[in-house]
Chemist: 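Dropping the structure in here first, questions after.
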Amino acid sequence: MQSGSRDTIVALSSGRLPAGIAVIRVSGPRSRFALETISGLVSVVGYARLRTLRGADGQVLDKGLVLFFEGPKSFTGEDSAEIHVHGGKAVVAAFLSELTALEGIRLADPGEYTLRAFLNGKIDLVQAEALSDLICSETEAQRRSAIYNASGTQSALYHEWRRQLTHVWAMVEAEMDFSDEADVFSTDESGSLEDIRQLSEAIRAHIAGYRRAEIIRDGYDVVIIGAPNVGKSSLLNALARRDAAIVSDEPGTTRDLVEVSLNLNGYKVKITDTAGLREGVGTVESIGIERAKAKARQADLVLQLVDGLSERPGPNHFPDVECVTVGSKSDLLPEYRDDGLLLVSSLTGSGVDELLSLLAERAAAAIGSATDVLPSQLRHVELLNATLSSLHDAAQPGNPKEIKAEYLRHAANSLGRISGSVDVEDLLDVIFSRFCIGK
């Protein structure tokens, strides 16, 4: 990422071209100059104006809307401008060429607008990551979670924990520095230990919610297992409503994992077809079977598919994973079976909608309440665990106050790094490079 925040940056901030409208964003100290140069209009803050836009040679580039936002009342906290033009590739290329030809204006790097918003105090790192998640959101659950975190709710929780921790730390420091002063409050050792214990419990419970955040972001993981030719690939195709997997009467056709992602009632659900489980097979097929077993052990839900014509629900081969047994080929059954087995027919579609509803319900239950504050990134979990470790060390009996205060300082710094309050220069490239250019 380029340095030099005094540069003015420009980029296409709207979607893929061609499009009906393209939004070109400019941010930095020469934004007003750039806008006035191509529009011939003295910028008026807060108003959109329809203008004929021209290049340096006076030729018309396009006709569009121009807007100017005066810093710090803008997304980046700097003077910013937007140019709304027709979304043709040649149109946008012409504008970018004209603008970058002006002195002090260059193309933006990925995520540079959001980085400037962070550096100018408009958002913190947690909110920046939430904006990235919002842009990448594909389901309603992902959108809700990202909006919730971008609003500052998650950051507020971490700031409150850091405030509590800093208070305990300050009391320990005060007793060390002013122990000979009668008017300085003497810390209660048992009280500070209780504060540390309560804070540790709250952080530990929060960390436990990370799996729910993973499911929101990456999807509820469902794996179909069963014997060869029981109909696993056909079921996957029926659930996906397309030919995602090869279907054949020959046993062992599926040897690798085949995954599809579905949006079920606003939740992302990943369904994986696997190799048929059987003994006495060749080397290649046995590798596929081992991959199937490994995938099932990591799943949120296993669909154990059995032949509804002959098989009955057997034991769960993956006891550590939630399992639902499904009977296939229900269209060939001579009569209705009333043994509690969920029956489906990939040929007629019977039972498929019921199975999809069940998967949506399981995904919703795994995610829980949409208003719970969850650690949305692995980075947060790592720093929270570092905080817990420092709190654990600080609470050890017999610690001198100097050692206790040092551990509390480390804990406070770990919490501060989550939102970007302290020492995050090494994180900036990693976080903001994930953004698209223009955001």
Chemist: Any side-chain donor-acceptor pair under 3.5 Å between Asn263 and Thr139?
Modeler: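 No - no donor-acceptor pair under 3.5 Å links their side chains.
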Chemist: Which one of Val260, Leu236, Leu235, Asn237 satisfies the side chain to side chain contact (heavy atoms under 4.5 Å, CB included) criterion with Asp273?
Modeler: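 Single side chain to side chain contact (heavy atoms under 4.5 Å, CB included) partner of Asp273 among Val260, Leu236, Leu235, Asn237: Leu236.
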Chemist: If you take all heavy atoms of Glu36 and Leu41, which pair is closest and at what distance?
Modeler: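 Of all heavy-atom pairs spanning Glu36 and Leu41, the closest is CG-O, 3.0 Å.
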Chemist: Is the distance between the ring centroids of His86 and Phe95 less than 6.0 Å?
Modeler: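 Ring centroids of His86 and Phe95 are no less than 6.0 Å from each other.
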Chemist: Under a plain distance cut-off of 3.5 Å, with no hydrogens placed, do Gln377 and Asp133 share a side-chain donor-acceptor pair?
Modeler: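 Their side chains do contain a donor-acceptor pair, which is all the 3.5 Å distance test asks for.
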Chemist: Is there side-chain contact between Leu125 and Ile418, with at least one heavy-atom pair below 4.5 Å?
Modeler: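 Sidechains of Ile418 and Leu125: no contact.
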Chemist: Within this structure, what is the CD-OG distance for the pair Glu82 and Ser31, rounded to the nearest 0.5 Å?
Modeler: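 So the gap between those two atoms works out to 11.0 Å.
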Chemist: Which pairs count as salt bridge (charged side-chain N to carboxylate O under 4.0 Å, His left out) when at least one residue sits in residues 148-161, sequence neighbours excluded?
Modeler: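 Applying salt bridge (charged side-chain N to carboxylate O under 4.0 Å, His left out) to every pair that reaches into residues 148-161, excluding sequence neighbours, yields Glu160-Arg163.
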Chemist: Can you name the nearest heavy-atom pair linking Arg278 to Pro228, along with the distance?
Modeler: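 Closest pair (atom of Arg278, atom of Pro228, distance): CD-CG, 3.4 Å.
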Chemist: Please check this pair: side chain of Ser357 against backbone of Asp353, looking for a donor-acceptor N/O pair closer than 3.5 Å.
Modeler: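 A pair under 3.5 Å: yes.
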Chemist: Please name the residue in the list Glu129, Gln154, Glu214 that meets the side chain to side chain donor-acceptor pair (under 3.5 Å) test with Ser376.
Modeler: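 When side chain to side chain donor-acceptor pair (under 3.5 Å) is applied between Ser376 and each of Glu129, Gln154, Glu214, only Gln154 qualifies.
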Chemist: Taking only residues two or more places apart in sequence or in another chain, which ones pass side chain to side chain contact (heavy atoms under 4.5 Å, CB included) with Glu322?
Modeler: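 Applying side chain to side chain contact (heavy atoms under 4.5 Å, CB included) to Glu322 gives Tyr220, Leu301, Arg362.
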Chemist: Of all the heavy-atom pairs spanning Val66 and Ser39, show the shortest one and how long it is.
Modeler: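 That would be CG1-CB, 4.4 Å.
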Chemist: Under 6.0 Å from the six-membered ring centre of Tyr113 and within 45° of its axis: does the NZ or CZ of Arg116 meet both?
Modeler: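 The answer is no, since Arg116 fails at least one limit relative to Tyr113.
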